[in-house]
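To start, the structure under review is shown below, and the notes come after it.
Start at 1 with the first residue, then count along the sequence.
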Amino acid sequence: MDSNLTEARKFEKIHTIIQEDSNQASLFVANEIAGLIQQKQKDGKKAVIGLATGSTPTKVYEYLVQFHNEGRLSFSNVITFNLDEYYPMEPDSIHSYVRFMNEHLFDHIDIKRENVHIPDGNLSSEDIREYCLAYEKKVENVTGIDIQLLGIGRTGHIGFNEPGSSLNSKTRLIRLDRVTRLDAASDFFGQENVPKRAITMGVGTILSAKKIILMAWGEGKADVIQQAVEGPIKESIPATFLQHHGNCDFVLDGASASKLTRIKTPWLVEECAWNDHLIKSATIWLSERLQKAILKLTNEDYNEYGMGNLVAEIGSAEQINLKVFNELQRTITGWPGGKPNADDGQRPERANPHPKTSLIFSPHPDDDVISMGGTLLRLVDQGHDVHIAYQTSGNIAVFDDEVIRFLDFATAVQQENKGLKKKFKEVRQFLAFKKPGQIDSEEIQEFKGLIRRGEALAACRYCGIPEKNAHFLNLPFYETGTVKKKPFSQEDIRITYDLLNKLRPEQIFAAGDLSDPHGTHRVCLEVIFKAIELAIKHRKDWINNCYVWLYRGAWQEWEVADMEMAVPIGPKDMARKINAIFKHQSQKDSAMFPGNDEREFWQRAEQRNKETANRYNALGMAEYEAMEGFVRYHFNIN
């Protein structure tokens, strides 16, 4: 291995492979598996693969199916063992890992069904112990697993080996951790529907595999990846046990690797080739580490933390400090649409034209006010023509009780409407016998969409946005009635492009939040980018004069070093923002999809905005009540 690369990885106790994105990482893993299968075929041997479930490996399975369909790969010599299964669980349930594996892989390849092994979640409790012993024996009888695929949970669990699992644990029935059940709640349409137990391969079983590949995508996994790769081995983070294995790779995308030392603070491991962004990141990190304002940092501070070559390159700490301080100062603006009749050379947004047409894309019907409600209010107050494009209906995030409540109100208002009464009775009967995770009828999906539409319009009215400026796109990729969505299509792009071309905005705001646990934000952003590409292709003049600003959703904030516009929010506007969030009553108190944070959305938004202001203040900037941060997306118009 290159000595410079070895030095860069000196904090890492597990070999890590970082790919550009999850798609490239999945292709890398699929090629590893395919290579093993093909080599075993040449040798006349069986290939034994340990498989994982969940959202992480799905693209890997897509590639393996693609390889098979192209005639490049046969699974006739493959034996598989799955890591785990919920207990109790019927094999044909939509939540079953048996069904997951069939739908994503086994139904599409030529594997022999007798070579497929998945823990049985339908056993009687008295049979589980013997079953688990037999599962272990089956692995031993095929001389062990050649490649074991793993994901990683937020608690650091591998398989369902929760914190506290021992190094030598074997296949067994375990009780699921509260955090694991919370993370699974959205798939089961409520935490109360998530099984409390599961059957899982043990840590010892996993470590007996000849090769292990752990995959992780997204910023939500960055903290636990850093602990697993660089931290001490401990039972409270079972993934750290993988440090014992001599042939284990962590295959990561850039986001999940973002908190590894060589990525987050490379100056601590090697001399850096400094650029403006790295200088800004390092100076902010040093300021926060030492709890000193930027302008108070000294040459000695930089030298002590591996940045002596930066001081030598720039000249002095004072010069570095002033450079970064001024860059941060210029990101702060109370005029997110540009300040009219002002010198805009040092401002994030242009002074002209004024007023602007500002188009805010909201993946779900409440993301606009949750994530950038203060900025939205400022744009309205400053006279801009503000439009909101609600990209999806958000219907699956509405509780069944909300439908009954609204229909109850409607029937009370229209006592003589027999058709509505009949419809109310049918809906109540369906929902009374609805199973957890069962897809709603198209009619109920429509009702739930209308509930969220009404809430979005209420928020628009409160914020001073005309109802005609609210655009409900209902992108087709979302309308499945389940958590799992379809891939986006040309129709999604066309709908988005048509709105862009109709409004011809000077400003676009879009959710750049890639931590969204179910990927809707990622898909919505990609659709916007494709629509912008279409506008560039058709040489639409308006796109040349359009700035695209990315905000974050309810799960995470931009790093201060990345923010290119920071909009201060005073106490009065913070209260107005919270009131706008309250208009989304179906998401109040308890949301269907809370992610890994149990607080209400308004609480998350308030705390996040205040923390951003506090960080700016600690760096030596002016003290504000709260702030919303944005990053500008620079598209290529050539």
Side-chain angles (χ1 to χ4, degrees), residues 17 19 22-85 89 91-121 131 134-151 158-159 171 199-201 205-206 208-215 217 247-249 251 484 487:
I17 299 167
Q19 299 286 332
S22 60
N23 187 57
Q24 290 299 314
S26 297
L27 179 59
F28 176 87
V29 174
N31 281 326
E32 286 276 300
I33 295 169
L36 171 79
I37 293 171
Q38 290 163 343
Q39 186 58 53
K40 290 284 186 178
Q41 284 171 343
K42 288 179 183 177
D43 297 340
K45 297 178 180 178
K46 299 288 186 183
V48 184
I49 315 293
L51 299 176
T53 51
S55 60
T56 303
T58 52
K59 193 68 180 179
V60 174
Y61 299 149
E62 282 184 33
Y63 277 120
L64 291 175
V65 170
Q66 178 184 325
F67 296 165
H68 174 70
N69 290 338
E70 291 171 351
R72 297 161 51 191
L73 187 63
S74 170
F75 292 81
S76 59
N77 69 320
V78 174
I79 299 172
T80 66
F81 289 89
N82 263 75
L83 278 167
D84 44 32
E85 176 62 285
M89 182 60 63
D92 59 349
S93 165
I94 63 169
H95 305 301
S96 164
Y97 289 163
V98 172
R99 182 165 173 173
F100 176 97
M101 291 306 306
N102 286 337
E103 290 181 353
H104 287 277
L105 184 63
F106 297 144
D107 285 349
H108 312 288
I109 58 176
D110 61 341
I111 193 167
K112 297 173 182 175
R113 286 293 170 159
E114 63 268 23
N115 288 344
V116 171
H117 304 89
I118 303 174
D120 187 352
Y131 176 84
Y135 203 79
E136 287 283 329
K137 193 68 178 171
K138 287 178 181 178
V139 174
E140 291 176 18
N141 289 343
V142 294
T143 67
I145 293 170
D146 293 308
I147 291 181
Q148 176 65 62
L149 293 187
L150 298 174
I158 48 177
T171 303
I199 297 172
T200 184
M201 282 187 187
T205 316
I206 291 168
S208 68
K210 300 176 184 71
K211 182 179 180 64
I212 296 173
I213 299 176
L214 185 146
M215 303 170 288
W217 326 137
N247 189 17
C248 177
D249 291 339
V251 180
K484 184 181 178 183

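- To the nearest 0.5 Å, atoms CD1 (Ile206) and CD (Gln148) are separated by 6.0 Å.
- At distances below 3.5 Å, not a single donor-acceptor pair connects side-chain atoms of Asp146 with backbone N or O atoms of Ile49.
- Counting only heavy atoms from C-beta outward, the side chains of Pro119 and Thr200 never approach each other to under 4.5 Å.
- The OG1 atom of Thr143 lies 8.5 Å from the CD1 atom of Ile79; values are rounded to the nearest 0.5 Å.
- Judged as a salt bridge (charged side-chain N to carboxylate O under 4.0 Å, His left out), and not counting sequence neighbours, the contacts of Lys59 are Glu62.
- We find the CE-CD1 distance between Met89 and Ile94 to be 9.0 Å, quoted to the nearest 0.5 Å.
- When side chains are defined from C-beta on, Val29 counts as touching Leu149, because their heavy atoms get closer than 4.5 Å.
- One distance of note links CG of Asn102 with NE2 of His108; it measures 8.5 Å at 0.5 Å rounding.
- Under the side chain to side chain contact (heavy atoms under 4.5 Å, CB included) criterion, Asp92 pairs with Glu90, not counting sequence neighbours.
- Across all their heavy atoms, Pro57 and Thr53 have their closest contact at CD-O, 3.6 Å.
- Nearest heavy-atom pair across Ala25 and Gln19 is CA-CG, 3.5 Å.
- Side-chain contact between Trp217 and Ser26 is present, with at least one heavy-atom pair separated by less than 4.5 Å.
- Lys211 has a carboxylate O that lies under 4.0 Å from a charged side-chain N of Asp249, or vice versa, which qualifies the two as a salt bridge.
- Aromatic ring pairs are classed by plane angle as parallel below 30°, tilted from 30° to 60° and perpendicular above 60°; the pair Tyr97 and Phe100 is perpendicular.
- Nearest heavy atoms, Ala47 versus Leu36: CB-CD2, 4.4 Å.
- To the nearest 0.5 angstrom, Leu73 atom CG is 11.5 Å from Gln66 atom CD.
- Salt bridge annotation for Glu70-Arg72: present, with a cationic side-chain nitrogen under 4.0 angstrom from a carboxylate oxygen.
- The shortest distance between side-chain heavy atoms of Glu85 and Ser96 falls below 4.5 Å.
- Checked against the 6.0 Å centroid threshold, Phe81 and Tyr135 count as a close aromatic pair.
- A side-chain hydrogen bond (donor to acceptor under 3.5 Å, both in side chains) with Asn77 is found for exactly one of Gln41, Lys40, Lys46, namely Gln41.
- Side-chain N or O atoms of Asn247 include one that pairs as donor or acceptor with a backbone N or O of Lys210 at under 3.5 Å.
- A donor-acceptor pair under 3.5 Å is absent between the side-chain atoms of His68 and the main chain of Ser74, judged by distance alone.
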- [ ] Quick one: do His104 and Leu64 satisfy side chain to side chain contact (heavy atoms under 4.5 Å, CB included)? Show the steps, please.
- [x] CA-CA 10 Å; His104 287 277; Leu64 291 175; over 6 Å; no
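- Residues Ile118 and Phe106 share a closest heavy-atom pair of CD1-CE1, 4.0 Å.
- Among Asp84, Ile158, Leu83, Leu150, the single residue meeting the side chain to side chain contact (heavy atoms under 4.5 Å, CB included) criterion with Met201 is Leu83.
- Across all their heavy atoms, Phe67 and Leu27 have their closest contact at CZ-CD1, 4.0 Å.
- Proximity of Leu51 to His117: side-chain heavy atoms (C-beta onward) are nowhere separated by under 4.5 Å.
- Ile199 places none of its side-chain heavy atoms less than 4.5 Å from the side chain of Asp120.
- The side-chain heavy atoms of Tyr63 and Asn23, taken from C-beta on, include a pair separated by under 4.5 Å.
- Side-chain atoms of Asn115 and Thr80, non-hydrogen and from C-beta on, never get closer than 4.5 Å to each other.
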